[in-house]
Amino acid sequence: MDKSELLNTVTDRLSTLFSEGFVSSNNDSDMPTFIIKKEFLVEIITYLKNDKDLAFGYLTTMAGLHYPDNKGQEMGMMYQLHSLTNNFRIRIKTFFSKGDVEVPSLTPIFDGANWMERQEYDFFGFKFKGHPNLKRILNMDDMDYHPMLKQYALEDGTRTDKNDDMFGR
């Protein structure tokens with residue numbers, strides 16, 4: 001199956017089999033992206049891994065997302081799956097509100113999700129339901145904030161000792 005056939009197959013199957021959980025798809029960036037509802041995450045990822053034709057058996061990347069201006073969908077998770085059989089990669093995204101940061105754990109599906117989920121818990125505060133050992137791995141245990149959330153200004157606007165003209169900005 002060539003790349004365009006595979007992309008069409010994935011799109012058709014997700015939109016048909018998971019019509020209630022499938023939100024949208026696009027192929028504008030470096031790899032096809034599918035946006036799904038969080039409640040269908042485990043079911044869809046399990047299907048993509050176990051389907052013999054698709055065989056997305058490798059979770060390459062998991063990353064937290066924070067878009068503070070997207071009211072009601074400020075937070076999100078992104079998963080990149082690789083089909084080694086077909087040499088094809090896809091991106092799965094799910095978005096949700098900042099008041100509901102509980103996400104189903106993918107550790108029962110992919111062992112490699114364990115530390116990736118712990119990292120996103122550490123940096124974003126996501127609570128992965130069903131994770132076997134959800135605790136900080138990179139930051140200190142007594143930190144009461146999550147450093148990757150866009151809660152603080154990048155620069156101190158009150159500084160007077162800084163002249164950006166000298167730095168080409």
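- Side-chain atoms of H131 come within 3.5 Å of backbone atoms of L134 as a donor-acceptor pair (strictly under, hydrogens ignored).
- Taking the side chain as every heavy atom from C-beta outward, I109 and V42 approach each other to under 4.5 Å.
- A donor-acceptor distance shorter than 3.5 angstrom exists from the side chain of R118 to the backbone of K135, with no hydrogens or angles considered.
- Using modelled atom types and a 3.5 Å distance limit, the side chains of S105 and T107 yield a donor-acceptor pair.
- The two residues P32 and F88 make their nearest non-hydrogen contact at CG-CZ, 3.8 Å.
- Side-chain atoms of E120 and F128, non-hydrogen and from C-beta on, do get closer than 4.5 Å to each other.
- Every side chain to side chain contact (heavy atoms under 4.5 Å, CB included) that N139 has, sequence neighbours left out, goes to D122, F123, R136, M143, P147.
- Across L54 and D51, no two heavy atoms sit closer than the pair N-OD2, 2.9 Å.
- Judged by distance alone, the side chain of S97 and the main-chain N or O of G72 form no donor-acceptor pair under 3.5 Å.
- Geometrically, K127 does not engage Y121 in a cation-pi contact, judged by NZ or CZ lying under 6.0 Å from the ring centre and within 45° of the ring axis.
- Taking the centre and axis of the six-membered ring of F56, the NZ or CZ atom of K49 falls outside the cone set by 45° and 6.0 Å.
- Taking 4.5 Å as the limit, every side-chain heavy atom of T11 sits out of range of all side-chain heavy atoms of N27.
- Contact of the L81 side chain with the Y58 side chain is not registered, since no non-hydrogen atoms from C-beta on lie closer than 4.5 Å.
- Applying the side chain to side chain contact (heavy atoms under 4.5 Å, CB included) test to F18 and every residue at least two apart in sequence or in another chain returns L14, E43, I44, Y47.
- Using a 4.5 Å heavy-atom threshold, the side chains of L59 and M116 count as touching.
- Side-chain contact check for T33 versus S25: every heavy-atom pair is 4.5 Å or farther apart.
- Between the side chain of K37 and the backbone N or O of V23 there is no donor-acceptor pair closer than 3.5 Å.
- Side chain of S24 to main chain of I35: no donor-acceptor pair is present (N/O by atom type, distance under 3.5 Å, no hydrogens or angles).
- With hydrogens and angles disregarded, no donor-acceptor distance shorter than 3.5 Å links the side chain of E39 to the backbone of G21.
- Panel note: side chain S83, backbone A55; a donor-acceptor pair is recorded below 3.5 Å.
- The side-chain heavy atoms of Y67 and E74, taken from C-beta on, include no pair separated by under 4.5 Å.
- The backbone N or O of H66 sits less than 3.5 Å from a side-chain atom of K150, completing a donor-acceptor pair.
- Under a 3.5 Å cut-off, the side chain of N87 and the backbone N or O of K3 do not form any donor-acceptor pair.
- F95 places none of its side-chain heavy atoms less than 4.5 Å from the side chain of N70.
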